[in-house]
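One structure is given below, encoded as structure tokens.
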Number of protein chains: 2
Amino acid sequence: MTYSEENYLKIIYHLSLNQAKGITTNAIASQMESKPSSVTDMVQKLADKGLVVYKKYQGVSLTDEGRFTALMIVRKHRLWEVFLLEKLDFSWDEVHDVAEQLEHIKSDKLINKLEEFLDFPTEDPHGDPIPDRNGKIAKVDKKLLSEIAAGKKVICVGVKDSSSAFLQYLDKQQIALGSTIEVMSKEDFDMSLTLKLGDKQVTVSNKIAANLFVKTI
Amino acid sequence: MTYSEENYLKIIYHLSLNQAKGITTNAIASQMESKPSSVTDMVQKLADKGLVVYKKYQGVSLTDEGRFTALMIVRKHRLWEVFLLEKLDFSWDEVHDVAEQLEHIKSDKLINKLEEFLDFPTEDPHGDPIPDRNGKIAKVDKKLLSEIAAGKKVICVGVKDSSSAFLQYLDKQQIALGSTIEVMSKEDFDMSLTLKLGDKQVTVSNKIAANLFVKTI
DNA sequence: CAAATTATTTAGTCTTGCCTAAAAAAGTTT
DNA sequence: AAACTTTTTTAGGCAAGACTAAATAATTTG
């Protein structure tokens with residue numbers, strides 16, 4: 001299992017959480033910051049190895065083996081994040097790049113001992129669940145932003161609509177995965193929401209809110 | 001700096017310690033478990049980058065920049081070894097393979113925070129000194145046990161061969177870093193040594209003695 | 001010192017993982 | 001449904017890092 005193959009599996013896993021159907025090569029390419037044609041190549045290799053199911057023009061999905069492999073990478077990533085934050089005093093924004101490297105270290109003993117050293121944490125510092133050594137992972141209850149009551153604080157955990165128009169809109173509003181959003185008020189007339197994003201205040205339509213997954217803090 | 005380039009620099013550094021002249025492509029190839037022709041290629045690339053000095057048929061030596069880079073890799077390797085042993089309860093024959101991977105993680109902050117977390121250790125579990133963040137490394141005056149005269153008392157400070165076979169042998173004989181060893185007698189015929197270890201008496205072959213570094217008390 | 005041997009480099013190939021450009025399929029319009 | 005647009009795949013190429021086989025330099029030996 002190469003570094004690159006692991007990254008593909010991880011990205012396919014994450015995309016699968018928000019979109020149960022076949023994951024398109026385009027979606028993978030934009031996450032990988034590479035090109036769809038490169039993805040087609042790799043996805044065929046992963047299919048040959050039995051890690052994904054792939055049919056031309058139909059997108060990709062993980063096999064049980066592929067999902068398990070992906071979960072082990074997620075497990076490593078999140079445990080290292082806990083380590084960096086709790087033991088080495090990293091701040092949140094510094095953690096990701098390093099965990100991204102550490103997740104590829106191959107040693108079952110290492111990761112199991114690390115888990116023990118950290119006292120078997122069940123969530124990473126974002127509140128995302130950490131898979132156990134058998135690949136079991138707690139379900140996160142994510143909701144649509146449109147279902148959140150005024151006054152609540154939530155974290156953005158995904159999108160329902162992954163069109164580039166929508167994603168570009170989110171970029172423009174500086175809403176990203178992990179962003180903290182406070183729902184200031186809800187307009188009864190059109191169900192639009194006024195949000196607090198950092199120190200900015202933004203109003204978004206119900207259509208926007210109905211396509212953004214969040215979890216309560 | 002790729003994974004592979006880092007490995008070359010590290011190996012050239014280690015070979016340079018025992019052989020001050022140009023390091024041959026052959027010597028590097030056997031350490032890398034690859035072929036001399038592959039080494040020639042890579043060594044030319046490293047020379048182009050100013051990390052080594054290379055003249056055809058004359059072997060290789062590190063530039064200041066190359067040596068510094070190598071020392072930073074050695075630093076990471078040895079700090080991770082300390083972490084694995086002290087915090088994750090690895091035994092000293094298990095640490096090497098994992099440290100071999102961890103030494104390539106790129107983050108100055110990570111390694112400096114790790115050093116602090118470990119309380120600024122000066123030696124790794126094999127008794128080798130840990131370079132500081134400026135590339136300064138302590139000189140150890142260590143001798144091989146095989147060079148010690150009968151009657152002398154010494155302390156174990158490191159190993160030359162760090163294969164797990166050898167390390168496990170040492171564990172079995174209860175020889176560890178810091179162990180006091182008294183050379184009781186030396187057999188002229190095969191140069192084997194009879195040692196006093198605590199209150200035990202053990203006979204070891206010359207091959208064992210020639211792979212154990214000690215310092216005189 | 002010349003011949004034989006050994007060490008080292010060069011030349012050409014392979015695999016991995018990526019790319020661009022072109023072709024083909026799918027999806028959308030009119 | 002034909003024409004157009006978008007998405008996805010195919011084809012062909014490139015760089016890194018390794019390899020084998022052949023050539024060449026260095027070293028050892030008779």
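In the text below, chain A, chain B and the rest are named by the order of the sequence lines, each starting its count at 1. If you're wondering where the values come from, they're calculated on a predicted model, not measured in any experiment.
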Practice task
Ignoring the backbone of Met42(B), work out which of dT8(C), dT8(D), dA18(D) is nearest its side chain.
Solution key: dA18(D)

Exercise for the section: Check the distance between dT16(C)'s P and Met1(A)'s CE and give it to me in whole angstrom. Expected result: 13 Å

Practice task
Looking at every strand, decide which applies to Ser38(A) at a 4.0 Å heavy-atom threshold: base, sugar-phosphate, or nothing.
Solution key: base

Problem - Distance-only polar pair, side chains of Asn26(B) and Thr24(B), donor-acceptor under 3.5 Å - result: no

Handout entry: Spacing of Asn7(B) atom CG relative to dA16(D) atom C1', expressed in whole Å
Key = 15 Å

Fill in the blank from the handout: To the nearest angstrom, the NZ-C1' distance between Lys56(B) and dA11(C) comes to 13 Å

Exercise for the section: Answer yes or no: is there a donor N or O on one side and an acceptor on the other, between the side chain of Lys113(A) and the main chain of Lys87(B), under 3.5 Å? Expected result: no

Handout entry: Polar pair under 3.5 Å, donor/acceptor by atom type, side chain Thr40(A), base dT10(D)
Key = no

Exercise for the section: Considering just the side-chain nitrogens and oxygens of Ser4(B), establish if one lies under 4.0 Å of OP1 or OP2 belonging to dA18(D). Expected result: yes

Exercise for the section: With heavy atoms under 4.0 Å as the rule, sort Ser37(A) into base, sugar-phosphate or nothing. Expected result: base

Completion exercise
note: Tyr57(A), atom OH; dT6(D), atom C1'; distance rounded to Å ~ 12 Å

Exercise for the section: Respond yes when some side-chain nitrogen or oxygen of Tyr8(A) is under 4.0 Å from OP1 or OP2 of dC18(C), and no when none is. Expected result: yes

Completion exercise
Rounded to whole Å, the CG-P distance (Leu9(A) to dG17(C)) equals 12 Å

Exercise for the section: Look at the rings of Phe117(B) and Phe83(B) and say which category their plane angle falls in: under 30° parallel, 30 to 60° tilted, over 60° perpendicular. Expected result: tilted

Exercise for the section: Establish whether the base of dT7(D) is bridged to the side chain of Thr24(A) by a donor-acceptor pair shorter than 3.5 Å. Expected result: no

Practice task
Using a strict cut-off of less than 4.0 Å between a Lys/Arg side-chain nitrogen and an Asp/Glu carboxylate oxygen, indicate whether Arg133(A) and Asp108(A) qualify as a salt bridge.
Solution key: no

Practice task
Compare side-chain N and O positions of Lys45(B) against OP1 and OP2 of dA15(D) and report whether any pair is under 4.0 Å apart.
Solution key: no

Practice task
Scan Thr25(A) against the nucleic acid and name what it touches under 4.0 Å (heavy atoms): base, sugar-phosphate only, or nothing.
Solution key: sugar-phosphate

Handout entry: Short side-chain N/O contact to dT10(C) OP1/OP2 from Gln44(B), under 4.0 Å
Key = yes

Exercise for the section: Take atom NZ of Lys106(A) as the centre, draw a 6.0 Å sphere, and report whether it contains more than 12 heavy atoms from other residues, nucleotides or ligands. Expected result: yes

Exercise for the section: Whole angstrom is fine here: how far is it from OH in Tyr3(A) over to P in dT15(C)? Expected result: 25 Å

Exercise for the section: Identify whether any heavy atom of Tyr54(B) sits under 4.0 Å from a base atom; if not, whether one sits that close to sugar-phosphate; answer base, sugar-phosphate or nothing. Expected result: sugar-phosphate

Practice task
Round to the nearest Å and state the distance from Asn26(A) atom CG to dT5(D) atom C1'.
Solution key: 14 Å

Exercise for the section: Would you kindly give the NZ-to-P distance between Lys35(A) and dT8(D), to the nearest whole Å? Expected result: 14 Å

Exercise for the section: Taking only the side-chain heavy atoms of Asp41(B) (C-beta and beyond), determine which of dT9(C), dA18(D), dA21(C) contains the nearest atom. Expected result: dA18(D)

